[in-house]
Amino acid sequence: IVVIAGPCAIEKKAIIIEIAKSIKSAGAKGLRGGAFKPRTSPYAFQGLGVGALKYLKEAKRETGLFTVTEVMNISQISQVAVSADVIQIGARNVQNYDLLKAVGRLKNPILLKRGMSTTLKELLLSAEYVMSGGNHKVILCERGIRTFEDSTRFTLDLNAVPMLKKLSHLPVFVDPSHGIGIREHVGAMAKASIACGADGILIEVHPKPEEALSDGPQSLLPGQFFELMTELKQIAKAVGRDI
Ligand code: PEP
Ligand code: MN
């Protein structure tokens, strides 16, 4: 089971390096941080852009973690593909078919997030768009869907894990941070994700969540992430897997 962690957005060089070191010491294998952020409001922080890619590379050099970052449009692909290992397609772009075709021509693995209202069949067809271009390295990621429930940010659909694993050979990841959107409950859903068969998880971590430029309320403190990793290792063992 692969654990990927990091801040929602890359904000400053010192912060991303600090986070990279702390998640690595907790046992994470991948570092995720956004340079280009799809924000609901045009007035919210949009990410540092290309400048952040340099910081991500430096964090990789310092820690050896593989890196994950999002592309929002075709024009960002060439720079991102040489700066990060894995390319994320965010929930809002899961049915951006031109973008899917374009990343289908890359060698980088693609972390494809389920949209907030895409069915599993639609998600799998989006994965087909990537793979039909020749890039078979696709990771599916459940990150919460929209339901009538409004006490949590989204409703993490853990049904997706066994269903997708039955329907497809692709690895299935879960992002409990966006799925529930509430720091104190991210751990519970991370544990549930491992218990129900996820091949990996994505966790947002920030050393000063109250100052984070995006998704602070759902970001774990490094110490909380460390403790969670200890618990996740036990859950993994209980289901015959390893972190
Ligand atoms: C994110 O990963 O920070 C993000 C914006 O995710 P999603 O596309 O799932 O909303
Ligand atoms: Mn986020």
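Residue indices begin at 1 and follow the sequence shown. Whatever order the structure lists them in is the order used to number ligands and atoms, beginning at 1. Just so it is clear, the values below take in all heavy atoms, side chains as well, and ignore hydrogens, waters and symmetry mates.
Residue contact annotation: Glu204 has a non-hydrogen atom under 4.0 Å from ligand 1.
Side-chain contact annotation: His206 with Glu211, donor-acceptor N/O pair under 3.5 Å absent.
Across Lys37, Arg153, Arg183, a single residue satisfies salt bridge (charged side-chain N to carboxylate O under 4.0 Å, His left out) together with Asp215, and that is Arg153.
Of the protein's non-hydrogen atoms, Arg143 NE, 2.7 Å is the one closest to atom 9 (O) of ligand 1. When hydrogens are left out, the protein atom nearest atom 8 (O) of ligand 1 is Ala91 N, 2.8 Å; that is the closest non-hydrogen contact. Counting protein heavy atoms only, atom 3 (O) of ligand 1 is closest to Lys37 NZ, 2.9 Å. With respect to atom 4 (C) of ligand 1, the closest heavy atom belonging to the protein is His178 NE2, 3.5 Å. For atom 6 (O) of ligand 1, the closest non-hydrogen atom on the protein side is Lys113 NZ, 3.0 Å. Atom 2 (O) of ligand 1 has Arg32 NH1, 2.3 Å as its closest protein atom, hydrogens excluded (heavy atom only).
Residue Ala35 comes nearest to Ile10 through the heavy atom pair N-CD1, 4.4 Å, listed as atom of the first residue, atom of the second, then distance. Shortest non-hydrogen contact noted between Ala84 and Thr69 is CB-CG2, 3.7 Å.
Within Glu204, OE2 is the N, O or S atom that lies nearest to the Mn ion (ligand 2). Checked against the Mn ion (ligand 2), the N, O or S atom of Asp215 at the shortest distance is OD2.
Rounding to the nearest 0.5 Å gives a distance of 13.0 Å between CZ of Phe173 and CG of Leu164.
Each of the following atoms of ligand 1 lies closer than 4.0 Å to a heavy atom of Cys8: 3 (O). Heavy-atom contacts of Gly90 reach the following atoms of ligand 1: 8 (O) (cutoff under 4.0 Å).
Hydrophobic clustering (ILVMFWY, side-chain heavy atoms < 4.5 Å, transitive): Ile139 and Tyr129 are in distinct clusters. Taken together through direct or relayed side-chain contacts under 4.5 Å among Ile, Leu, Val, Met, Phe, Trp and Tyr, Val138 and Leu120 form part of one hydrophobic cluster.
One finds an angle of 170° at the Mn ion (ligand 2) between SG on Cys8 and NE2 on His178, to the nearest 10 degrees.
Looking only at distances, no side-chain donor or acceptor of Arg241 sits under 3.5 Å from a matching main-chain atom of Ala236.
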